Amino acid sequence: VRTVTTIAELRAMLRGVRARGDRVGLVPTMGALHAGHLALIDAAREHAQCVVVSVFVNPLQFARGEDLAAYPRNLDRDRSLADERGVDILFAPAVEEMYPAPPVVAVTPVASPDGDLPLDARWEGAVRPGHFAGVLTVVAKLFNCVSPDVAAFGRKDVQQAVLVRAMVRDLNLPVELLVVPTVRDADGLALSSRNAYLSAEERARALAIPRALGAMRTAWVDRGVTDAAALEAVGRASLRDISGVTVDYLGVADPERLAPVATVAVDSVALVAARVGRTRLIDNIDFGPPRGTGRA
Ligand code: PAF
């Protein structure tokens, strides 16, 4: 893997790649790479001859008091994982390279003309005001630096994927998006760089999160419960008695805008965010078809 830290160097390298007629795939990350990121790299590889992984802990998407300073950083480890996975270019800019001056222009979700709330008004966006404007702004900047043909994002951050898809559509960005299924540890915990914050005991408690989502899916698949409020009650009940786990939100939404639904459908999404000790974890699942309607 070739590591570059400046936008000029990156663009020069990619000019050569395009001159050969190769397609470029981008995997935007904040580093601390894990198997979830490796799945994104593999997905990008299926669509591009040259895979670029960006490693940039974006200050714009952290609010004051969040874990910007503590966020795990280990570029040497990221580089060797990227290298082993066959990544072509690792783009690891300093903050000053991405933000040479404090930004005064940003990409911000807006309310839709049909009166629905902005896509960042619910779930993660409601708990972390300004977070998604920070994400969209840096993703737009990374798209401008790399001009990728395809870019891969994880399904674990489902609201981020929905917002990036909307940005690509609304700003006519010439990039194809790949949304890659969540990778989980054998015990069901969704992989996240923030899992590194968990003690062994907290990690065991955190398993209540995928269990709650699983209980919601089981109630729909096996018992035919379609009422979203009833399914939310099932999820909350399985998290209620776990000490040290506090739910920020848990709900059922449609997959396009993540607006809450009253009745579950095959493509509905269950989303949860919970704090385990001082660590915030998010997860989601889709419901899939109920038993007897084609589920294997
Ligand atoms: O998902 C992430 O790691 C970040 O939000 C992203 C997309 C790299 C933007 O900083």
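Both ligands and their constituent atoms are indexed starting at 1 by order of listing. In this text the structure is predicted, and so the values were computed from the model without any measurement. Only this structure's heavy atoms are used, side chains among them; waters, hydrogens and symmetry mates stay out.
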Output, or 'none' if empty, a list of ligand 1-protein atom pairs in which both atoms are N or O and the distance is under 3.5 Å, rounded to 0.1 Å.
residue  : atom   : partner : partner atom : Å
ligand 1 : 1 (O)  : Gln160  : OE1          : 3.4
ligand 1 : 1 (O)  : Gln160  : NE2          : 2.8
ligand 1 : 5 (O)  : Gln61   : NE2          : 3.0
ligand 1 : 5 (O)  : Gln160  : OE1          : 2.7
ligand 1 : 10 (O) : Gln61   : OE1          : 2.6

(request) May I ask you to decide if Leu117's main-chain N or O and Arg257's side chain share a donor-acceptor pair within less than 3.5 Å? (result) yes

(request) Check the surroundings of atom CZ in Arg73: do more than 12 heavy atoms from other residues, nucleotides or ligands lie under 6.0 Å from it? (result) yes

(message) Using only atom types and a distance under 3.5 Å, with no angle test, would you say the side chain of Asp286 pairs donor to acceptor with the backbone of Val269?
(response) no

(request) Please go through Val57's hydrophobic cluster and name the other residues, only I, L, V, M, F, W, Y counting, with side-chain heavy atoms under 4.5 Å joining them. (result) Met30, Phe62, Leu68, Tyr71, Tyr197

(request) Output yes when Arg211 and Asp187 qualify as a salt bridge under the 4.0 Å nitrogen-oxygen rule, no when they do not. (result) no

(request) Starting at NE2 of His37, measure out to CG of Asp42 and round the result to the nearest 0.5 Å. (result) 13.0 Å

